[in-house]
Every structure is written in structure tokens, then in C-alpha cells.
S.K.: 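My structure is below; once you've seen it, I'll send some questions.
This is a predicted model, so every value here is computed, not measured. Numbered from 1 within each chain, the chains take letters A, B, ... in sequence-line order.
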There are 2 protein chains.
Amino acid sequence: MSLAHVLLTSLLEKPSTGFELARRFDRSMGFFWNATHQQIYRELNGMLKKGWISTLEEQAANSRKKTYQVEQLGRIQLATWIEQQSEPAQLRDDLMVRLRAEAQLGGNNILPELERHLVLHKEKLGLYQAIHDKDFKNNEPTNRVLFIHKMILELGIIKENEWIKWLEQMIPQLKKFEEANGTGE
Amino acid sequence: MSLAHVLLTSLLEKPSTGFELARRFDRSMGFFWNATHQQIYRELNGMLKKGWISTLEEQAANSRKKTYQVEQLGRIQLATWIEQQSEPAQLRDDLMVRLRAEAQLGGNNILPELERHLVLHKEKLGLYQAIHDKDFKNNEPTNRVLFIHKMILELGIIKENEWIKWLEQMIPQLKKFEEANGTGE
DNA sequence: GTGAACATGTAAACAGTTACATGATTCT
DNA sequence: AGAATCATGTAACTGTTTACATGTTCAC
């Protein structure tokens, strides 16, 4: 159950509404965890009941908007959770399943999807690099928090780069097999 | 719902029992998809009901063992599914959540977990490389199916390598922050 | 004032994990 | 005969996704 802890971390950085949290997931946070707004609201309600977080009082009474902040209980929970071990995330990659299925079944129809993914990975890389340029430019952070954020971002960049390299090797080689097999299938 | 299609692909390669499928997941298949035996049995029963797969008749009547094979309906399902688009798999990485939480909360307690993960990734890399050496040695496969299997395996190797490189950069730098902060606390 | 973006929620369906239980086969 | 491994299953729970519904705020 990491979602609660992602949210706690995010709220520690800045008290926020559920909506803001969801949006932040689409940015920096999103490349190692993501969640839909429904999941987030449910989790926030749960944590509110357990007393891990609370809503800010100052809110206008006529608004539905609720800004959450972390309570002491939430901090303790997060600190306890950090100590726990977890196994490396296991891949669950639809594209690899499709690729292997297509290999078995034939049809030579996987190329457009590979090319589409190449574009998507390039876009994501561009986004990450833009954040990197903006936040870390050329100076090495002396602050431990910033250093960790930078390293996490760089891991994201590395992963996108590797995907791109792999796809750029895969696509032309599959095309060769297609040619070798003749034009008509 | 990819699990069904992973199983279909696996069964196309070779008719198998649920147990055999589960075991195969721990090997080559497992590095881009994995499932517990309970998931597999449930899915197999579901596909059996839908007529995508069937059991071999030849089985001894007094055994509980059931060997499944793909039916025409299953092939059609798989072929249809391959055509569909899917978004790149999104990461869900506990370790990154912990790292970012620890950055925010302090405590300098994440290093042992990073070192543990480094060992795990090295072990996994060793396993993949052993499979690679065994199956593909030094000769480039001319067969399209084998070529795809090789490329998928190499993607796994690349990913483990990148993790190792990243962790080997991260760990000493975090140790520096620890030292800079003094021995106590 | 109306449309876009902000903001929150319920309900149902689907997928994945954990705990528990049991039978069959093979090896010693 | 007993242990290890092979093999399958039920039940309960937890987590995730999708569809649907609705109210609020801000800019034009």
C-alpha cells in the first residue's frame, strides 16, 4: 500500500487538495507512481478517518475544496513505513506481451505499435529533460533533498533513453525480416 | 487484461499445466510479466469456460493434473488483442517512493535498502545473462521468433544494468551526505 | 451567462495478493 | 512409510480502473 505514502510525502512538501495531488502525479511524481483521482480521494478520506492527515480550517465554508495537511500520526506512519523492505518493482509490460504473442502467432503487425511507442518515449524524455534543465541546470545540488530528487529524475531519463535505444535497434531489424519474407504476406 | 494473453502465448509455445505455466513465469516470461499460481488457475478456468482453451483428453482419469491447449477461439482472441494499442507501462516503484519520502522526512536510513537492491539486481542480471549465454551464445538468430525472444531478454539485461549503474552512483554520494552531516544522528 | 478548468464524489467491475487446504506423484 | 515436489483449488481481502454524476470558480 504505497499510494498512501506517496500522498503523505507529497503533502509534506506542500498541503494540497486531492485535485492538486492528482495533477502533481502527472508531473515529477508520476514517473515512478501514478494514480487516478478516484484512488486519491478514497485514500485521502481513509487517511483522514485514521487521523494521519487533516483539512485546513481556513477554507471558505461554501466551497467543496478541501486542503489536506499531514498530522503527527501521519509522519510517524510514514517514518515506520520507510524502514520496511520491499522487492524491486516487477515489470508488467503489455508491449512485451504483445511482441511475444505476435512472434508466436505471426502476422508482422507489431511494427506500427513499436513506432508509436518510440514517439511516446521520446516525448516523455523531452518532458523529463525540460524539468531537469529547469530545476537542476548545471549546478550540483548541495542539499540532500534536492540531490535525491535530481537522481530520481535522472533515473527516469535513463529509462526513457534505454527504451528509445532499444526500439531504434528493434524496429529496423524487424523491417528486415518483413522484407526477407517478401512484400505479399 | 494481459494475463490471459500471456497464458495463451505460453500455451501456444507448448501445451502445459497451470503449475508448469507458473514455473515458466519464474524464468524467461517472468521478467516482463508475473503472476501467482492462484491468478493463473483462475484465469485458466475462465478461458476454459469461454472456450479459448481446452484440456487434453489423454490424461489419466485418476489424476488431478490438467494439461491445457489453445483452441481456435483462443487464437482469434489473441490475434485480435495483438492489434490493439496500449500505453507504455508505467512504473510503480516502492523504492523510489521510499527514497523520496526519506528525503522529505530525513533519517538517513535508506542506504541499507539501496545496497540490498543493488545485490538483488546483480543477481537478476546474472540470471538473465546465463539464459542469454545458454540460448543465444554468439550467433545471431535468423529465425524471427528467436530474434524477438533474444531482444526481449536483452531489454531485461539493459534494465538491470541501468539499475546497477544508478545505484552504484547513488550509494556513495548518499554516504558523502551522511559523513558531511557528522557521525551522530 | 456560458464554457473551460477546478474539484469531489459514488458504484461497480476487474485484477492481484494472501491465507489456507488438500490430493497425487516421485524419490529414498 | 514418509518427505519433497508436483498440482489444484476456495475464500477473503486489497488495490486499480472505468463509468457516471455533480458542484465551484474563473475568464471572457
Side-chain angles (χ1 to χ4, degrees), chain A residues 1-7 10-11 14-27 30 32-50 53 55-56 58-68 81 84 86-87 89-94 97, chain B residues 1-8 10-11 14-27 29-30 32-50 53 55-56 58-68 81 84-94 97:
Chain A
M1 212 218 335
S2 295
L3 178 55
H5 303 98
V6 176
L7 295 174
S10 233
L11 289 176
K14 187 177 185 301
S16 317
T17 65
F19 194 85
E20 284 165 346
L21 288 166
R23 201 174 33 191
R24 217 178 304 168
F25 268 41
D26 293 336
R27 295 161 181 272
F32 62 85
W33 205 275
N34 116 316
T36 59
H37 77 273
Q38 292 85 347
Q39 260 179 291
I40 290 167
Y41 286 124
R42 193 207 287 167
E43 205 63 45
L44 286 172
N45 280 325
M47 291 198 289
L48 193 62
K49 268 178 202 150
K50 285 187 253 175
I53 57 176
T55 51
L56 292 181
E58 39 162 285
Q59 233 101 46
N62 59 332
S63 170
R64 292 216 298 171
K65 189 171 154 180
K66 280 180 270 182
T67 305
Y68 296 94
W81 179 80
Q84 285 165 27
S86 62
E87 297 323 294
Q90 57 176 24
L91 299 176
R92 282 250 157 108
D93 200 314
D94 260 13
V97 175
Chain B
M1 210 218 334
S2 295
L3 178 55
H5 303 97
V6 176
L7 295 175
L8 285 174
S10 232
L11 288 177
K14 186 178 187 304
S16 316
T17 65
F19 194 85
E20 283 165 347
L21 288 166
R23 203 173 31 191
R24 217 178 303 168
F25 268 42
D26 293 337
R27 294 161 181 273
M29 211 75 177
F32 63 85
W33 205 276
N34 115 316
T36 58
H37 77 273
Q38 292 85 347
Q39 260 180 291
I40 290 167
Y41 286 124
R42 194 207 286 168
E43 205 63 45
L44 286 172
N45 280 325
M47 290 198 288
L48 192 62
K49 268 178 202 150
K50 285 188 254 176
I53 57 175
T55 51
L56 292 181
E58 39 161 285
Q59 234 102 47
N62 59 333
S63 170
R64 291 217 298 171
K65 191 171 155 181
K66 280 179 271 182
T67 305
Y68 295 94
W81 179 81
Q84 285 165 28
Q85 296 187 344
S86 62
E87 297 324 293
Q90 55 178 21
L91 299 176
R92 282 249 157 110
D93 199 315
D94 260 15
V97 176

S.K.: Output the rounded distance in Å from CD (A/Q90) to P (C/dA15).
M.R.: 16 Å
S.K.: Of all residues at least two apart in sequence or in a different chain, which pass the side-chain contact (heavy atoms from CB on, under 4.5 Å) check with A/Q38?
M.R.: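 For A/Q38, the residues satisfying side-chain contact (heavy atoms from CB on, under 4.5 Å) (neighbours in sequence not counted) are A/T36.
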S.K.: For a quick check, with a 4.0 angstrom heavy-atom cut-off, what is the B/S/- contact string for nucleotides 3-14 of chain D, read 5' to 3'?
M.R.: ---SBBBB-B--
S.K.: Using the test side-chain contact (heavy atoms from CB on, under 4.5 Å), find all partners of B/R42 that sit at least two apart in sequence or belong to another chain.
M.R.: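 Counting only residues at least two positions away or on another chain, B/R42 forms no side-chain contact (heavy atoms from CB on, under 4.5 Å).
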S.K.: Under the ring-ring contact (aromatic ring centres under 6.0 Å, His included) rule, collect the residues that match up with B/Y41, sequence neighbours excluded.
M.R.: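 For B/Y41, the residues satisfying ring-ring contact (aromatic ring centres under 6.0 Å, His included) (neighbours in sequence not counted) are B/H37.
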S.K.: Check whether any side-chain nitrogen or oxygen of A/R92 sits under 4.0 Å from OP1 or OP2 of C/dA15, and answer yes or no.
M.R.: no
S.K.: Looking only at heavy atoms, what is the nearest atom pair of B/W81 and A/V97, with distance?
M.R.: CH2-CG1, 3.4 Å
S.K.: Can you name the salt bridge (charged side-chain N to carboxylate O under 4.0 Å, His left out) partners of B/D94, sequence neighbours left out?
M.R.: B/R98
S.K.: For the pair made of CD in A/E43 and C1' in C/dT10, what is the distance, rounded to whole Å?
M.R.: 17 Å
S.K.: Under the side-chain contact (heavy atoms from CB on, under 4.5 Å) test, which residues partner B/E20, sequence neighbours left out?
M.R.: B/S16, B/T17, B/R23
S.K.: Between C/dC14 atom C1' and A/Q39 atom CD, what is the distance in whole Å?
M.R.: 13 Å
S.K.: Using atom CD1 of B/I40 as one end and atom P of C/dA15 as the other, report the distance to the nearest whole Å.
M.R.: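 It works out to 15 Å between those atoms.
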S.K.: Rounded to whole Å, how long is the line connecting atom CE of B/M47 with atom P of C/dA15?
M.R.: 12 Å
S.K.: Rounded to the nearest angstrom, tell me the gap between atom CG in A/L91 and atom P in C/dG16.
M.R.: 14 Å
